[in-house]
Student: 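Please read through the structure below; I'll follow up with questions.
Below, all heavy atoms of this structure are taken into account, side chains as well, without hydrogens, waters or symmetry copies. Below, chains carry the letters A, B, ... as their sequence lines are ordered, and counting in each starts from 1.
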Amino acid sequence: MDLLQACRKYAPLVHCITNYVTVNDCANVIIASGGRPLMADEITEMTEIAQKAEVLVINIGTLNQRTFTASLAAGKVMRQYGKMVLLDPVGIGVSTFRQKAVQEILTTVKPQVIRGNFSEILTLISGQQHGSGVDIAQTDQMTQATQDGLIAQMQDFCQQSDCILIASGPEDLIVNSQQAYLVQNGHALMKDVTGTGCQLSALIGALLGAGQDWTKTCLTATCMWGLAGEKAAKKITVGDGNASYRNYLIDAVYQMTDKEVKEGANYVKLR
Amino acid sequence: MDLLQACRKYAPLVHCITNYVTVNDCANVIIASGGRPLMADEITEMTEIAQKAEVLVINIGTLNQRTFTASLAAGKVMRQYGKMVLLDPVGIGVSTFRQKAVQEILTTVKPQVIRGNFSEILTLISGQQHGSGVDIAQTDQMTQATQDGLIAQMQDFCQQSDCILIASGPEDLIVNSQQAYLVQNGHALMKDVTGTGCQLSALIGALLGAGQDWTKTCLTATCMWGLAGEKAAKKITVGDGNASYRNYLIDAVYQMTDKEVKEGANYVKLR
Amino acid sequence: MDLLQACRKYAPLVHCITNYVTVNDCANVIIASGGRPLMADEITEMTEIAQKAEVLVINIGTLNQRTFTASLAAGKVMRQYGKMVLLDPVGIGVSTFRQKAVQEILTTVKPQVIRGNFSEILTLISGQQHGSGVDIAQTDQMTQATQDGLIAQMQDFCQQSDCILIASGPEDLIVNSQQAYLVQNGHALMKDVTGTGCQLSALIGALLGAGQDWTKTCLTATCMWGLAGEKAAKKITVGDGNASYRNYLIDAVYQMTDKEVKEGANYVKLR
């Protein structure tokens, strides 16, 4: 069965421990792709929820000590049950607290998929702070010159951490220990809406719940989100800005079909 | 005076201790119906706020130990002042934490109105977990065959807990110890927007602030929200999805009049 | 360089410790004006973030003990670095907790700019609770008769606290120890969207990050937000309500130019 069709049929429960900035959009994107969002961060209920959820998305956008502890607890149980955990290290370069939190999640939870923007992924794989906020620093943008080295570094990380890495930007990299894909879908307006990265992570989380090949799911989901950005941009009319575009993006996922994704997916296999 | 007119004239202060997923929509729905939303969960200020608010809405969607304690404190003071408390037991079937929290709220606060979806209401009245998320499990949908038994169970609960129960789904039940109504307003798209249940609870909360008959207010508010769903669906055009529909829903409440509600309300008195 | 152009060029990092009700809109408004929003409230990371951010916006809409402590920590470090802190005392009249919190922020952080609605500003400068919620009480509306006395009181406060005060309402006052401006931009619909005050604070925060004259920035930002309200109102069509208007507001900021602000700004210098 195709990915979206499977997700919409199976309706996986996607547990999100996520930031309070973009949480509503993440929930609506998960619904738009067929998943069932469940946002919860009280440590007392993490084990029971892990029994019910198919996927856990940990997003550290507004992490604090309490939700960090809950993330560790939820993540560990999910992995004991052999379930999927996706980590979005939002703003990891912003503070030592976030760097250490991600390190501990890596060590004790071992998420199978990690998605961030280029600054976040660079911080993750180098251990040194990149970017001053939750967006990509100009100096961290991938170029023709840096692409190969970056993929090699990412693959090393994938091998060590036994995970798939997704680096998002104007073009996206999806890398596992063996393969590397470059996704060229997307639109420049997407960076002007808060949480388009968070929403991509939520979308990947939902689609991973369909139980298909992980790397292929990450690739398809990334193309799909970029395609949604392209479709949404076509709806822009005079006077529209980032708020309207935010709605168009989620609408586009809601209306998306597997056929559209197949026809519109724009990616290159690099390795 | 008619309900919406009264709410818009009196502008009741509606204190919400609610989840961070759908809180913005809840605030805007309260404004759309004429109420004044006040979201606050710091325990230190619960007593003072209870002095000012007309209604308290407790929504456990992202409850944690801290906000649970605040809910108990706020709820108790509200009831001491003889004011209205509405409980929305979001995802009560998801964890023992939520079940116990609701039990303690029932015992110590005694909310006059409780609204949830069918899985949540089943968990509430049976004490056994129904549903794996915050949506209705297929097996918990009300059918012709289960309707009578369910109403009887709900009425028992209403008698024991001295409250009104609202069970939401494709069709909604509003039940008190004597009466039962079936509301047939609504639209299938509503389940594809996160928090349409939360928003109904917020809307009922605001309208209860108008100080009219409780059961009638619950009935009218439920019809009104369903009608908003119907009106919003008529605005859907090509390319629109759940994000646009989310806006149309709140817009519809903002534009709603008592006349429209009277003409469009679609319900049956069962008992 | 003009203000919006400078903000869009410099892209200041705006750290917000803010409420979970309107946080998404605040982030999108900051982006719309050229700033980079960073929402974070974990005390462990406040010092590092203060090193990176140009501006801190403290909004007490859903303040609790934990985020209050973080606000103090972040604010103190920002001021040590000579950076801007803006305080939005949301609902200060609602509780002693909020009044005391604001008092301590005033004493230990000394924010350079404070923006609230008329009830909030009256509570701030008089020390007595005005308003029962997060909106303006009817009795706190500024009139021809109260305007002069209010400005005098505000100027006393500005002198004592060494800050700029902005009081928002149907018309807005911007006051420093020497000057006073009355802004007449705006639209009545703005009060029907939750968080239009929070968003104005966020917008001022972003624009202060451009590093221009503080009072002039506050004045221009307030005109700009009022203008956005006027432009957004022109987009309203049949069936639109406060949810659509919410989107139009942010869209209008996204599309705003310095030229438009100069042509549309509607204010009077009173002192």
Student: Would you mind telling me which of C/Leu13, C/Ile49, C/Leu249, C/Asn24 has the largest number of heavy-atom pairs within less than 4.5 Å of chain A?
Tutor: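 Top option by heavy-atom pairs under 4.5 Å: C/Asn24.
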Student: Could you tell me whether the side chain of C/Thr22 and the main chain of C/Asp25 form a donor-acceptor pair under 3.5 Å?
Tutor: no
Student: Is A/Asp135 close to chain C through its backbone or its side chain, or both, or neither, when contacts mean heavy atoms under 4.5 Å?
Tutor: side chain
Student: To the nearest 0.5 Å, what is the distance between CZ on A/Arg98 and OG1 on A/Thr123?
Tutor: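 Here the interatomic distance stands at 11.5 Å.
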Student: Are a donor atom and an acceptor atom from the side chains of C/Lys83 and C/Gln112 found within less than 3.5 Å of each other?
Tutor: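 Side-chain D/A pair, C/Lys83 to C/Gln112: absent.
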Student: Can you tell me how far the CG atom of A/Asn19 sits from the CE atom of A/Met39, to the nearest 0.5 Å?
Tutor: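 It comes to 9.5 Å.
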Student: Going from CG on A/Leu165 to CD on A/Gln153, what distance comes out if it is rounded to the nearest 0.5 angstrom?
Tutor: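 It is 11.0 Å, given to the nearest 0.5 Å.
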Student: Judged by atom type as modelled, is there a donor-acceptor pair below 3.5 Å linking the side chain of C/His15 to the main-chain atoms of C/Ala40?
Tutor: yes
Student: Spell out, as yes or no, whether a donor-acceptor pair under 3.5 Å connects the side chain of A/Glu104 to the backbone of A/Ala101.
Tutor: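 Checking the backbone N and O of A/Ala101 against the side chain of A/Glu104, no donor-acceptor pair under 3.5 Å is found.
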Student: Could you measure the distance from the CE atom of A/Met224 to the OG atom of A/Ser33? Nearest 0.5 Å is fine.
Tutor: 7.5 Å
Student: So, A/Thr194 versus A/Arg246: side-chain donor-acceptor pair below 3.5 Å or not?
Tutor: no
Student: Pull out the residues in residues 55-67 of chain A that come under 4.5 Å of chain C, heavy atom to heavy atom, sorted by number.
Tutor: A/Gly61, A/Thr62, A/Leu63, A/Asn64, A/Gln65
Student: For chain A, find its close neighbours in residues 235-245 of chain C: heavy-atom separation under 4.5 Å, sorted by number, or none.
Tutor: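 The list, in residue order, reads C/Lys235.
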Student: Kindly compute the distance separating CE (C/Met190) from CG (C/Asn185), expressed to the nearest 0.5 Å.
Tutor: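 If I round to the nearest 0.5 Å, the distance is 9.5 Å.
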Student: Would you mind telling me which of A/Val193, A/Val21, A/Asn247 has the largest number of heavy-atom pairs within less than 4.5 Å of chain C?
Tutor: A/Val21
Student: Quick one: which of C/Gln51, C/Lys231, C/Glu42 has the most heavy-atom pairs under 4.5 Å with chain A, could you say?
Tutor: C/Glu42
Student: For A/Ser95, does its backbone N or O pair with a side-chain atom of C/Glu45 as donor and acceptor, under 3.5 Å?
Tutor: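 Not a single qualifying donor-acceptor pair exists.
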Student: Is there a donor-acceptor contact under 3.5 Å linking the side chains of C/Asp41 and C/Tyr20?
Tutor: no
Student: When only pairs under 4.5 Å are counted, which of C/Ile30, C/Ile250, C/Thr18 shares the most heavy-atom pairs with chain A?
Tutor: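 It is C/Ile250.
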